Amino acid sequence: MVWAAPAAADTIKIGASLSVTGPASFLGDPEAKTLEMYVEKLNAEGGVNGKQLELIVYDDSADANKARTFATRLVEDDEVVAVVGGSTTGTTMAMIPVFEDAGIPFISLAGAVVIIDPVKEFTFKTPHTDRMACEKIFADMQAKGLAKIGMISGTGGFGKSMREQCLSVVGNYGIEIVADETYGPSDSDMTPQLTNIKNAAGVQAVINPGFGQGPAIVTRNYKQLGIEVPLYQSHGVASKSFIDLAGDAAEGVRLPASALLVADKLPDSDPQKAVVTGYKSMYEEKTGLPVSTFGGHAYDGLMILVEAMKRAGSEDPKAIRDEIEKTSGFMGTAGVVNMSADDHMGLDLTAFRMLEIRGGDWTLAE
Amino acid sequence: MPELLQFCVSGLTVGAVYALVALGFTIIYNASDVVNFAQGEFVMIGGMTTVFATAAGVPLPLAVIGAILVAMVVGLLLHRLAIEPARGASPVTLIIITIGASIFLRGLAQVVFDKQFHSLPAFSGDTPIRFGGAAILPQSFWVLGGAAVIVVLLWAFFNRTLIGKAVLATAANRLAARLVGINTSFVMGLSFVMSAAIGAIAGILVTPITLTSYDVGMLLALKGFAAAMLGGMGNPLGAVVGGLAVGLLEALGAGYISSTYKDAIAFIVILVVLFAMPGGLFGKASVERV
């Protein structure tokens, strides 16, 4: 699928390959809607550097091979000056070599830390990483004096990656993992694993890296077994449907998430409030759908790019890249972005808010 | 000790669902020699229809009856439109047809319902019952009790009613059954409708515990098939024992050995049983029809 404004001589072409359909459509669909919406808005306000933006979006259906083909097409046929997108880590990693070779700046919307670690010259990303989610959770546990914890993680891509990240940083917080269990992505009963965690000596809290329906079942089983210690979920469950699925059992669950989820509940003094409420109301008004953090990542990517183009005052990909790298103090939906030559994401732990589910809704726990 | 009890309760609850899926396999296999891999989709249809009917404001009992009826109609259509026209085809062809039907039903469910996970409220509350250190959900009793009632009703149907005996006769020897005036086509259709109803009931009973979505059927069909093979394909008692055994193996394997290999443990044990006893636990030596 291609959405292209009528080609005029004086446009700036920016490209995107997103997973609009397929298994990751919950990522790609809001991302595509966000990009279209804001490119239209920018053009209505006079464009960038006096020129209209022309957005070219391809749908890779979360297929890495397709993504790579589209990346080549964006570079060779469409001759874009920059690319926002790559909804999943898989499609992003497939596209990186194409953009690196062509010298086209690429702002990915996918989660994994491997995208920007090690740093690649033309590759950037906007979402938080799973390592940051682990660090945020462990910092919260440390502050509460919880030192021995159980971990139950999904064996799908997200859960597996986050489990490894958590294991690699847990030592920095003086926390010991005394039980380490897993469950399959389509498992429907986690009571045996949770029983083992419950019986592990000295467990003071439990962390559950996972995605999809698994964490909801874990939460229900957790309540069922009467485990009293705090349960931490990951940002992988940060959507309203998790609360619906887990029901009353979700009460008291803590998780790190983007400020976008609690836009209305942020104090007016919060510097991020204007950005997240602005994006949320625009998205919900135009699409009639509830806002998700994923569309927010696309907003951040597009705005970082536009500001870099304005600062560079040209459409030279190299000049845009240099300006993206100099992004500092940019307030996005994910948090404050301060990029540098060795940090192509630029988010710190303040980007995550610790939330707690109370009365069937998110509340700020800090 | 409390953890052993907990593992057993969890395993038996999940196992009861596998047992019902395996029973569905057995009934259709006996009447028509077809291994129906769309059996898991009946479970999905039962759960999803109930979820969407209750969300639309239909009271739960009516939604349950409606969901069972929907599944029965789908079962009948499956037989009339896909299995019956391929009469005389080889068993492999018929299996491929049911796999195709399963993919079709999954696709249809994505369009008719959606791709999200859904949950039903538990029938009699969420407060777990503490028993000997284990926590048992009231819904587990619904699942186990429902499975027990279905098994008893099926036994009565096959042994106490004329139609039930006609099904048994068809299963034993289709030609002879036809010769004594049994409408074997009707019997096969009936077996699909009954299997669909049993699958749907399983789906409705278990949805408050495990959640449901358009694609839960595939894994259930695999586990149910494994249970039916373990018990001895075509043996109703074997299906029930096989289902409960697979559920228990999974729970004990996840609890005592490693949750990473949970699915593998169940399948390895099944393989071992089948190597040692090719007919399964309750399989009878194969009898050639002359």
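What you are looking at is a predicted structure, and each value in this text was computed from that prediction instead of being measured. In what follows, chains are A, B, ... by sequence order, proteins preceding strands, each numbered from 1.
Lys262(B) approaches Asp189(A) most closely through the heavy-atom pair NZ-O, 3.9 Å. When all heavy atoms of Ala254(B) and Pro192(A) are compared, the closest pair comes out as CB-CB, 4.0 Å.
Here the straight-line distance linking atom CG of Asp126(B) with atom CD of Gln224(A) works out to 9.0 Å at 0.5 Å rounding. Taking OG from Ser239(A) and CD from Gln116(B), the interatomic distance works out to 8.0 Å, rounded to the nearest 0.5 Å. Going from atom NE2 of His118(B) over to atom OG of Ser241(A) covers 9.5 Å, rounded to the nearest 0.5 Å.
Side-chain atoms of Gln193(A) and Ser259(B) form no donor-acceptor pair, as typed in the model, at a separation below 3.5 Å.
Contacts of Leu211(B) with chain A are made by side-chain atoms alone, with heavy-atom separations under 4.5 Å and no backbone atom involved. Asp215(B) does not touch chain A: none of its heavy atoms, backbone or side chain, sits under 4.5 Å away.
The choice from Pro121(B), Ala134(B), Ala135(B) that makes the most heavy-atom pairs within less than 4.5 Å of chain A is Ala135(B). The candidate from Asp187(A), Asn221(A), Leu194(A), Asp244(A) with the greatest count of non-hydrogen atom pairs under 4.5 Å with chain B is Asp187(A). For the set Arg220(A), Lys223(A), Met190(A), the count of heavy-atom pairs under 4.5 angstrom toward chain B peaks at Arg220(A).
Surrounding OH of Tyr261(B) are at most 12 heavy atoms belonging to other residues, nucleotides or ligands under 6.0 Å away. Atom CH2 of Trp362(A) has more than 12 neighbouring heavy atoms from other residues, nucleotides or ligands inside a 6.0 Å radius.
The stretch residues 5-17 of chain B places Gln6(B), Phe7(B), Ser10(B), Val14(B) near chain A, each with some heavy atom under 4.5 Å from a heavy atom of that chain.
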